[in-house]
Enquirer: 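Mind looking over this structure? Questions follow.
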Amino acid sequence: MKYDFGRIEKKWQKIWEDKKVYAAVTGSEKPKFYGLIEFPYPSGEGLHVGHPRPYTAMDIVTRYKRMQGFNVLFPIGFDAFGLPTENYAIKNKIHPSIVTKRNIARFTEQLKMLGYGFDWDRVVDTTQPEYYHWTQWIFLKLYEKGLAYKATIPVNWCTSCKCVLANEEVVNGVCERCHSEVVRKEKSQWMLKITEYAQRLIDDLDGLDYIERVKIQQKNWIGRSVGAEIDFDTTAGDRIRVFTTRPDTLFGATYMVMAPEHALVAAWQSRLENPEEVRAYQEAAARKSDFERTELAKDKTGVELKGVRAVNPATGEEIPIFISDYVLATYGTGAIMAVPGHDTRDWEFARAFGLPIVEVVAGGDVTKEAFTDCETGVMVNSGFLDGMTVESAKKKITQWLTEKGIGSEKVNYKLRDWVFSRQRYWGEPIPMVYCDTCGWVPLPESQLPLLLPEVENYETTDNGESPLDRMTDWVETTCPHCGGHARRETDTMPQWAGSSWYFLRYMDPHNNEALASPEALEYWSPVDWYNGGMEHTTLHLLYSRFWHKFLYDLGVVPTSEPYKKRTSHGMILGEDGQKMSKSRGNVINPNDVVAEFGADTLRLYIMFIGDFEKAAPWSTNAVKGCKRFLDRIWNLAEKRIEGDGGYSSANEKIVHRTIRKVGEDIENMKFNTAIAAMMSLVNAFYETKPTRGEIRTLLTLLSPFAPHIAEELWEIQGFEGLACQAQWPVYDEAKTVDADREIAVQVGGKLKTTVTVPADCDDEVAIAAATSDEKIRRLMEGKQLVRTIVVKNKLVNLILK
RNA sequence: GCCGGUGUGAUGGAAUUGGUAGACGUAGUGGACUCAAAAUCCACCGCUGGCGACAGCGUGCCGGUUCGAGUCCGGCCACCGGCACCA
């Protein structure tokens, strides 16, 4: 009989579903294992061949864990709010909820086609009121604790999405989603104080089993730097506060620079001798987008504030003050002390404006470039700091500033608060109303969920307001506090809201009293293993850690971190080695692959394609290799093999080795070599026909990778139960090794031949075997053996003279 | 510029972490089966020289440590990812 993958795959998918073999049981006595993959955004295009890589990997891991006796939670859901659906809905005049339903149905069908062991009774959909009820609830809690606030700030405005973006969503000055221009715009926005958690988000990384580059990238994004804040007196009477990481260079501060938006500029308006020039510069800076500002970074520009001067507190000298857009309003205090001798940007600015450059750290040549080295320099021209190292000068000056009351140590972060408002329809409504007398008032929890109203027209507006703004009968409401007239918030939450806590909902997805029951949270937390894309490192991963820590502080969740372990997969590229995209026409559709080769072959190939963490190009040709492998297994096992469950002496060693290799490789996500090991085993079975026990072991090992064919052959062989519920085989370490070892014989470190010796034999025996080899004896003729190096079971190296 | 990562046959990739480089797969070559093709099975498959046993070379480049380096150290080059006037 032929290997009819189409029939087999449908047959077993139905049986697994009917028997609910992948159901997770909250509170089971077995040890729990929670494996998580990033839930997909159900786009109109459906699954493409990149999706199955992380899904298959975690499917293998969780199937393996299940066979080892774990109570496994491996859930799936849909992150369904978001712009593409809304844009598609606008274009085709269909309501986004209908589009979403359709897309989810298609995704579900495709995911089932691939035979994943998801617990389908726990599916979540972020757009369902039963779900976003709790997204809104978390927002209310954030507001209650002062972590959600409304602020008018310059925001990133995507000109195409007509919507604000978080800093994390702006990539190279353009929208990460649609690649359109992003401009600055002043808007009143809901903000979340993620900065309050900056330090904990760094510190707690240490105890986590995340791949190193994720930790590093998160730390860089949070961008902690230690320095000092220093107050400078001015001739206007006001003080300018600056932040610096190099307080040691205070004696070298020869001028100051403030951001063009700095509040003191306006306050000094009447004192300035050149108000027109200053105003012109401010306006020019305001017009530029962030992108333009950084694009034009090469040449430093600025205007001196004539009429006001600052005093360097260390030297007592008066120094000029400039405004320049190389100083950012949003970082530190929006003002700096400029030390051109020891800061590259200040050096360039001083050069451009002919300002004095004073050397205060010896070791470089400040007439040629700024000397920024902190390791080797020695303080000079710095009064009481002279002769010190940079490190000790930092301590000394900070102490001096503190005593004088004009400065103190300070830690700053690049991370900024999370802009949480979006001017779009297809998102969670923010449960807040604005009352004419009470100001912003949160909805009482009893009024949740605040439903997203059905609207006729959800198109974006050009005035920058949300489409909901036009819904007067929804917008106009009464204040829950005083009963007076109030208006609802019309912005919605960003897509990252629903995904910041979805893994908690999986633990107890149908709970109407809480986001999940305390028992379920206690039992399943934390996620044991979370695999996802590197592109989410500073977005979803950081946001969800923040929310989880907040929920931990509230006492809602039992752990301070959501994910114990985080791994990441590489992208699947097109056959041309380029990123798959519709416009390049190199997209591979999994449906086509399944139709031609079957789901098991696709699963195998996508895991065999290369190192899981690295990008790999698709090769339709190479898929055949995996199909052949399954065909070869089918040929071996399509007829019942009789006999007992033992192993033959010929195959015993390789069977034990393969069990060890496959298990270890699954744990280390080295699926490609696990499959290679199984291929070698099958090749061995073509040399020496497998026994009933050997076939049983092969099918058990194969089951997590290619579950359908394993199940079918399991049935044909008449083994008890289901293959996917079989116990993972154990190996005997002693049986993985030979009695004899083939060891290398080197002369002067170069391989000359190999000899066979008993395993773990004495060095003398190995040397004797090596030196009695015919070829080695010839090489040794007329030479003197001066030294021998023996590595047990590996090699003998003979040094001749 | 800063922070990560990668560089191995025609090709996707292996290599017990300093110990026989190229597992496994693809492509290719030869053979078996077949009227033939496909499929399948068997064998070969880093480069150079030699009929051959064999010899020399070989993991981006240059140097070093070591009995021994794809692996460690120093200096380059190329590509990929992240950050980028963050004081």
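Residue numbers begin at 1 in each chain, while the letters A, B, ... track the order of the sequences.
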Enquirer: Once you round it to whole Å, what is the distance between C1' of B:C79 and CD of A:Q578?
Expert: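 Distance check: A:Q578 CD to B:C79 C1' gives 13 Å.
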Enquirer: Could you work out the separation of B:U6 and B:U71 based on their P atoms and round it to a whole Å?
Expert: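 Approximately 13 Å lies between the P atom of B:U6 and that of B:U71.
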Enquirer: Give a yes or no on whether a donor-acceptor pair under 3.5 Å exists between the nucleobase atoms of B:C83, that is its base, and the side chain of A:K414.
Expert: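 Absent.
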Enquirer: State the syn/anti category of B:G64 according to its glycosidic angle, syn meaning within 90° of 0.
Expert: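 That one's anti.
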Enquirer: Nearest-Å distance, CG (A:L328) to P (B:A84)?
Expert: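 Going from A:L328 (CG) to B:A84 (P), I get 11 Å.
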Enquirer: Which heavy atom of A:D417 sits nearest to which heavy atom of A:M191, and what is that distance?
Expert: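 Shortest heavy-atom contact: CB-CE, 3.8 Å.
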Enquirer: Can you check the A:L250 CG to B:A87 P distance for me, whole Å?
Expert: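 Answer to the nearest Å: 17 Å.
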Enquirer: Listed by chain and number, what are the side chain to side chain donor-acceptor pair (under 3.5 Å) partners of A:R246, not counting sequence neighbours?
Expert: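 Partners of A:R246 under the side chain to side chain donor-acceptor pair (under 3.5 Å) test: A:D248.
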Enquirer: Applying ring pair (Phe, Tyr, Trp, His ring centres under 6.0 Å), can you list everything that pairs with A:F612, at least two apart in sequence or on another chain?
Expert: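 With neighbours one apart ignored, the set is A:F671.
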Enquirer: On RNA chain B, check which nucleotide each of A:W221 and A:R246 is closest to and give me the residue with the more 5' one.
Expert: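 This one resolves to A:W221.
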Enquirer: Strictly below 4.0 Å: does A:R787 bring a side-chain N or O up to OP1 or OP2 of B:C67?
Expert: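 Result: yes.
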Enquirer: If a pair satisfies salt bridge (charged side-chain N to carboxylate O under 4.0 Å, His left out) and one of its residues is in residues 780-797 of chain A, list it, with sequence neighbours excluded.
Expert: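 Only A:D763-A:K792 qualify under salt bridge (charged side-chain N to carboxylate O under 4.0 Å, His left out).
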Enquirer: Taking a pair as Watson-Crick (N1 to N3 plus N6-O4 or O6-N4) or G-U wobble (N1-O2 and O6-N3), both under 3.5 Å, which stems of 3 or more consecutive pairs involve RNA chain B?
Expert: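 So far as stems of 3 or more pairs are concerned, RNA chain B shows B:1-7 with B:77-83, B:10-12 with B:24-26, B:28-32 with B:40-44, B:46-49 with B:54-57, B:60-64 with B:72-76.
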Enquirer: Under 4.0 Å, heavy atoms only, any strand: does A:S225 hit a base, just the sugar-phosphate, or nothing?
Expert: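 Answer is sugar-phosphate: A:S225 comes under 4.0 Å of backbone atoms only.
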Enquirer: Between A:F243 (CZ) and B:C85 (C1'), how many Å, whole number?
Expert: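 About 15 Å, once rounded to whole Å.
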Enquirer: Applying ring pair (Phe, Tyr, Trp, His ring centres under 6.0 Å), name anything that partners A:Y3, two or more places apart in sequence or on another chain.
Expert: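 Scan of A:Y3 (ring pair (Phe, Tyr, Trp, His ring centres under 6.0 Å), adjacent residues dropped) gives A:F5, A:W634.
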Enquirer: Tell me the interatomic distance from A:E613, atom CD, to B:G81, atom P, rounded to whole angstroms.
Expert: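 These atoms are roughly 17 Å apart.
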Enquirer: When the P atoms of B:C3 and B:U8 are compared, how many Å lie between them, rounded to an integer?
Expert: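 25 Å, rounded to whole Å.
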Enquirer: What pairs of residues pass the salt bridge (charged side-chain N to carboxylate O under 4.0 Å, His left out) test when at least one of them lies in residues 607-628 of chain A, not counting sequence neighbours?
Expert: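 Those involving residues 607-628 of chain A are A:R213-A:E613, A:D611-A:K614, A:K627-A:D631.
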Enquirer: In whole angstrom, give me the gap between the P atoms of B:C72 and B:U26.
Expert: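 So the two P atoms sit 32 Å from each other.
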Enquirer: Using atom CG of A:L798 as one end and atom P of B:G68 as the other, report the distance to the nearest whole Å.
Expert: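 About 14 Å, once rounded to whole Å.
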Enquirer: Taking atom C1' in both B:C35 and B:C44, what distance in whole Å separates the two?
Expert: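 B:C35 and B:C44 have their C1' atoms separated by 28 Å.
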Enquirer: Does A:K215 have any side-chain contact (heavy atoms from CB on, under 4.5 Å) partners at least two apart in sequence or in another chain, and if so, which?
Expert: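 Listed in chain order: A:L205, A:Y210, A:E212.
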Enquirer: So which of A:V339, A:L401, A:T398 actually passes side-chain contact (heavy atoms from CB on, under 4.5 Å) with A:L250?
Expert: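 Looking at A:V339, A:L401, A:T398, the match for A:L250 under the side-chain contact (heavy atoms from CB on, under 4.5 Å) is A:L401.
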Enquirer: Please measure how far the P atom in B:G31 lies from the corresponding atom in B:C79, and state the result in whole Å.
Expert: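 Rounded to whole Å, the distance is 45 Å.
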Enquirer: Determine the minimum heavy-atom distance between A:A253 and A:N312, stating which atoms define it.
Expert: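 Heavy atoms of A:A253 and A:N312 come nearest at O-ND2, 3.0 Å.
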Enquirer: Applying side chain to side chain donor-acceptor pair (under 3.5 Å) as the test, list every pair that has at least one member in residues 666-688 of chain A; sequence neighbours left out.
Expert: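 Non-adjacent pairs meeting side chain to side chain donor-acceptor pair (under 3.5 Å): A:Y64-A:E667, A:R632-A:N683, A:D665-A:T673.
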Enquirer: Taking atom C1' in both B:U34 and B:U40, what distance in whole Å separates the two?
Expert: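 Approximately 12 Å lies between the C1' atom of B:U34 and that of B:U40.
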Enquirer: Does a side-chain heavy-atom distance below 4.5 Å link A:W618 with A:D576?
Expert: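 They are not in contact (no side-chain heavy atoms under 4.5 Å apart), so the answer is no.
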Enquirer: On RNA chain B, does the nearest nucleotide to A:G748 precede the nearest nucleotide to A:M534 from the 5' side, or the other way round? Give the residue.
Expert: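 Its nearest nucleotide being more 5', the pick is A:G748.
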Enquirer: Can you name the residues that form a side chain to side chain donor-acceptor pair (under 3.5 Å) with A:K219, not counting sequence neighbours?
Expert: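 Counting only residues at least two positions away or on another chain, A:K219 forms no side chain to side chain donor-acceptor pair (under 3.5 Å).
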Enquirer: Using side chain to side chain donor-acceptor pair (under 3.5 Å) as the criterion, list what pairs up with A:Y255, not counting sequence neighbours.
Expert: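 For A:Y255 there are no side chain to side chain donor-acceptor pair (under 3.5 Å) partners, ignoring immediate neighbours.
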Enquirer: Would you list the protein and nucleotides 51-56 of chain B atom pairs, both N or O, that sit under 3.5 Å from each other?
Expert:
none

Enquirer: Taking only the C1' atom of each, what is the distance from B:C33 to B:A43 in whole angstrom?
Expert: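 Nearest-Å result for B:C33 against B:A43 at atom C1': 15 Å.
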Enquirer: Determine the Euclidean distance between corresponding P atoms of B:G4 and B:G9; express it in Å to zero decimal places.
Expert: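 Their P atoms lie roughly 27 Å apart.
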Enquirer: Give the rounded distance in Å between these two atoms: CG of A:N220 and C1' of B:G1.
Expert: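 A:N220 atom CG is separated from B:G1 atom C1' by 14 Å.
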Enquirer: Which label fits B:U17, syn or anti, where anti is any glycosidic angle not within 90° of 0?
Expert: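 Chi for B:U17 falls in the syn range.
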Enquirer: Encode nucleotides 7-28 of chain B as B, S and - characters from 5' to 3', where the letter depends on protein heavy atoms closer than 4.0 Å: B to the base, S only to sugar-phosphate, - to neither.
Expert: -----BSSSB--BBS-BBSSS-
Enquirer: May I have the distance from A:I323 (atom CD1) to B:C85 (atom P), rounded to whole angstrom?
Expert: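 One finds 19 Å between P of B:C85 and CD1 of A:I323, rounded.
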